[in-house]
S.K.: 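Have a look at this one before I ask anything.
Heavy-atom basis, side chains included; hydrogens, waters and symmetry copies ignored. Bear in mind the structure is a predicted one, so any value in this text is a computation, not a measurement. Naming: A, B, ... by sequence-line order, numbering from 1 per chain.
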Amino acid sequence: MIPEALLKPYDPAQNEEGVYARWEKSGFFNPDNLPAQAGLKGAEEPFTIIMPPPNANGSLHVGHALFVTLQDLLIRFKRMRGFKALWLPGADHAGFETQLVYEKKLEKEGRSRFKMTRDEFYAETLAFTMENKKHMEKELRRLGASCDWSREQFTLDPHIIKTVYGTFKQLYEDGLAYRGVRPVNWSTKYQTSLSDLETKTIERNDPLYYMKYGPFTIATVRPETKFGDTAVAVNPNDSRYQNYIGKTIEYEGLIGKVKLQVVADEYVDPAFGTGVVKITPAHDKNDFEVAKRHGLPAVEVIDKFGKLNERCGKYAGMKVMEARAAVVADLRTRGMLEKVDEAYTHNVLVNYKNENDVLEPRIMPQWFVKMRPLADKAREAVESGRIRFFPDFQKKIFFHWLETMEDWNISRQIAWGIAIPAWFCGNPNSRRMGFAGEVVPQVFKGKVATWRLRDHGFSVGDVVAFEDSSARKIFGSGKILAIKKTTVGEMNLQDAKHYKTYNTREELIAAFKKHNPDRVVNADTPVWSYEYEFNPTLSKDGCGMIVVATDTPALCPSCSGSALTQDPDTFDTWFSSGQWPFATLKYPDNSDFKTFYPTSVMETGYDILFFWVMRMIMLGLYRTGEVPFRDVYLHGLVRDAQRQKMSKSKGNVISPLAMCEKYGTDALRLALIMGNTPGMDMALSEDKIRAQKHFANKLWNIARFVLTAVDGEKPSKKPAILPQHQEYLDEFSATLVDITKDLEAYRLHLAAEKLYHYAWSRFADVILEESKPTLKGEDPAAKASIQWTLYIILEDLLKALHPFAPFVSEEIWSLMPEHRGLLMVEKWPAQ
RNA sequence: GCGCGGUUAGCUCAGUUGGUAGAGCGCUCGAUUUACACUCGAGUGGUCGCAGGUUCGAGUCCUGCACCGCGCACCA
């Protein structure tokens, strides 16, 4: 008998939910339950994919559908090949991004996070996120994700946080995480710093102002920062300005007398503007670098709200653009504005999530992770082939990035995230400096020499904390008595006790170099010498100790038991998600970690190669000593039929769930696989999805035809097979071997296309047609031969198609005679 | 500026190691008591961006150029 269901047309929307429920109920998504059935390898060899946790702040988009399709394809394929296949799902709290989404929601309701307490805001965002997480999980099921829900993780789960804390503590103790005062990308709108990756540059038109600076004219787009100038710079080879180098210029500025040193630096392009640059180290990254090279102080003039501060005289309190207009107007009245180039185009740094949020470079105390040592190991892992990239060319982009990378700012001033496990004794911004000499339990006077810019800005009379050279231990506090500038060449060898006592200048220079390998040190390197009075108990404001711990420490271990204040900042979400592979597997002791790590494949979009993949490689290698995954498969972006980026505002968004309802999940999945080359963007149109719905229907009808041909019975034993039919079987076997090779080599699109063409153009259009006369004919031997052949091919075809079109294949399988088990755990039909 | 891709049929794209140019959609003509009209058959349509080179043979390998896209770094 032919199953009645098969006689009706195929209706994916009606079948799919039931099929998914059967899979989930079977427990086979959990690799621990996989049967050691005949022919399987006993499900012992692991195959692991950690799912990139979708942001739990909205609906799944077609990009999510793509990764679900690709990863589910790989997992189902390996599961059928007998592997202990684990696909571990998760959800991401997505720190800054979710905060933006939630703030937008608040804005619509006429509310603002700045009018809420931090805890209120956190609680509301958490509730919002957990609600979205539920939807998200439902949608993943709708897409057919055969992931192990029993192992699902959320980025704010307590054990994840514990792992993240452990990594941070280790980085801190190894000197790779440090609290530094360096320029960061500051968002005045959202009141947080952002990592370099969270920024983008956009082209903008701003007037270029030519202003008088004493004897010079200087071109700038930011005249309002002039109050933070600490020098002017020229190119050392610029003949026009040779006489000024090293001199100090003096002139009457807008808010009083200005004295600026003239320095020579290669950074200055003599061909641009007038060849003279104002140096504003506190509000420009390049200027900061120049300042570092020449030992110039950094003077902050813009506060965290983007307003000019008290150093700016009558301009204090004005916002940047307002101040710019005022300064320009005043310069003009006083004849200090030479000209204005209105048609000047340059690039400005903005928030990558909001182009209207122009970022302000500011020097702030933040947490940084030293990239160089981690990057070198990551590079080695890829160069040696321990991590492979698919497609291979993506690794060149990866290498290029590793070369140009700067230290990673991992602290965010946002509420929605994992709190940083650092505690300050006293003011978190209390200033610290290196310590000279031995620790002695009594008051004494001494000298310390340092050239690190982070130690700048001290004045006589300041109370500072003294730390050891590893910047981890605080000895006590001191009061600065005098500050003197000198150079390494002029330094008294005994003054440099901070770095030990040296016999020769070469030894001293070598020690400086060792202390900071990133920097060129020679006899001209500027050094500050601080005379101080050290007092181990002097502690007006706590001792300044920073405690990094995985559990909340009680009291400061350094000074006499002062209370500690936790760092109010949170981690960059990528710092925690960078640890996702080993954190989700519960490093280091859980059996999951031991079984499934290193994982097999990391499948994700090339757009987060740097944000995520690179960080996982670096942090995974650092924490576990092993690569987090062996293969990286990078897919491209899904664009619309005209290759335009999909966006709500353009109205060209294809909603994956709507497509599932309309054409079936299999159709959507097939459309996302076929014609999608690894690492390249793809164009997706509704037409393409519709075409794949036709394919699913074709399969349904193939099954109906074959089952009709065998009268609904499985042929009981193999008859003598006619040579022509044997050819059909051999040809199909060869196709399956070919497809298997494609899948193993991540040529997923080719595998799908070959199966499609075999099923449709070969099996249906030729073999089934050719079989018709035999089936109707009078030769029982030939009939038995073709019946057996058709049935076997259909079985294997369904198995091979299952990873690509899991729903329709499983549904047909369930309608086949004598099939009790699930197709998803059948043995793959080729070696 | 540095780096990475792309350029193949009207459109969107495949083409794994060099061996007679492919798919889907579209278009034209035809078929029909059919497993399937969500169908079948036939056809239309390409000097594979340009110029050289290697080779018996190049869409595929090498060199140069052009255009498009992306990433990084950016001139105040």
S.K.: Just call it for Thr220(A): base, sugar-phosphate, or nothing, with non-hydrogen atoms closer than 4.0 Å on any strand.
M.R.: sugar-phosphate
S.K.: Base, sugar-phosphate alone, or nothing: which one does Ile218(A) contact when heavy atoms must sit under 4.0 Å apart?
M.R.: nothing
S.K.: Identify whether any heavy atom of Asp742(A) sits under 4.0 Å from a base atom; if not, whether one sits that close to sugar-phosphate; answer base, sugar-phosphate or nothing.
M.R.: base
S.K.: With a 4.0 Å limit, can you tell me whether Lys200(A) has a side-chain N or O closer than that to the phosphate oxygens OP1/OP2 of A73(B)?
M.R.: no
S.K.: Return the CH2 to CE distance between Trp401(A) and Met371(A), rounded to the nearest 0.5 Å.
M.R.: 7.5 Å
S.K.: Between Lys783(A) and Ser785(A), is any side-chain donor less than 3.5 angstrom from a side-chain acceptor?
M.R.: no
S.K.: Could you tell me whether the phosphate oxygens of U16(B), OP1 or OP2, come under 4.0 Å of any side-chain nitrogen or oxygen in His749(A)?
M.R.: no
S.K.: Which part of the nucleic acid does Ala219(A) contact within heavy-atom distance under 4.0 Å: base, sugar-phosphate only, or nothing?
M.R.: base
S.K.: Could you tell me how far apart Tyr267(A) (OH) and A76(B) (P) are, to the nearest whole angstrom?
M.R.: 8 Å
S.K.: Under 4.0 Å, heavy atoms only, any strand: does Tyr606(A) hit a base, just the sugar-phosphate, or nothing?
M.R.: nothing
S.K.: I want to check one thing: is the phosphate of G71(B), taken as OP1 and OP2, less than 4.0 Å away from some side-chain N or O of Lys396(A)?
M.R.: no
S.K.: Can you tell me how far C1' of A23(B) sits from CG of Leu750(A), to the nearest Å?
M.R.: 12 Å
S.K.: Measure from CG on Asp765(A) to C1' on A23(B) and round the result to the nearest Å.
M.R.: 14 Å
S.K.: What distance, rounded to whole Å, do you find between the two P atoms, one in A14(B) and one in G49(B)?
M.R.: 14 Å
S.K.: Provide the distance between the two C1' atoms, one in U12(B) and one in G6(B), to the nearest whole Å.
M.R.: 14 Å
S.K.: Could you tell me if His294(A) and Asp265(A) have a donor-acceptor pair between their side chains, going purely by distance under 3.5 Å?
M.R.: yes
S.K.: Would you indicate what Asp687(A) reaches in the nucleic acid, counting non-hydrogen atoms under 4.0 angstrom: base, sugar-phosphate, or nothing?
M.R.: sugar-phosphate
S.K.: Is the phosphate of C40(B) approached by Trp760(A) (side-chain N or O, under 4.0 Å from OP1 or OP2)?
M.R.: yes
S.K.: Should Ser685(A) be listed as having a side-chain N or O under 4.0 Å from OP1 or OP2 of U12(B)?
M.R.: no
S.K.: Does C2(B) have its OP1 or OP2 closer than 4.0 Å to a side-chain nitrogen or oxygen of His400(A)?
M.R.: no
S.K.: So does Lys688(A) get a side-chain nitrogen or oxygen closer than 4.0 Å to the phosphate oxygens (OP1/OP2) of C11(B)?
M.R.: no
S.K.: What distance, rounded to whole Å, do you find between the two C1' atoms, one in G53(B) and one in G15(B)?
M.R.: 24 Å
S.K.: Without hydrogens or angle criteria, can the side chains of Glu811(A) and Tyr10(A) be said to hold a donor-acceptor pair below 3.5 Å?
M.R.: no
S.K.: Using a 4.0 Å heavy-atom cut-off, does Lys285(A) contact any base of the nucleic acid, only the sugar-phosphate backbone, or nothing at all?
M.R.: nothing
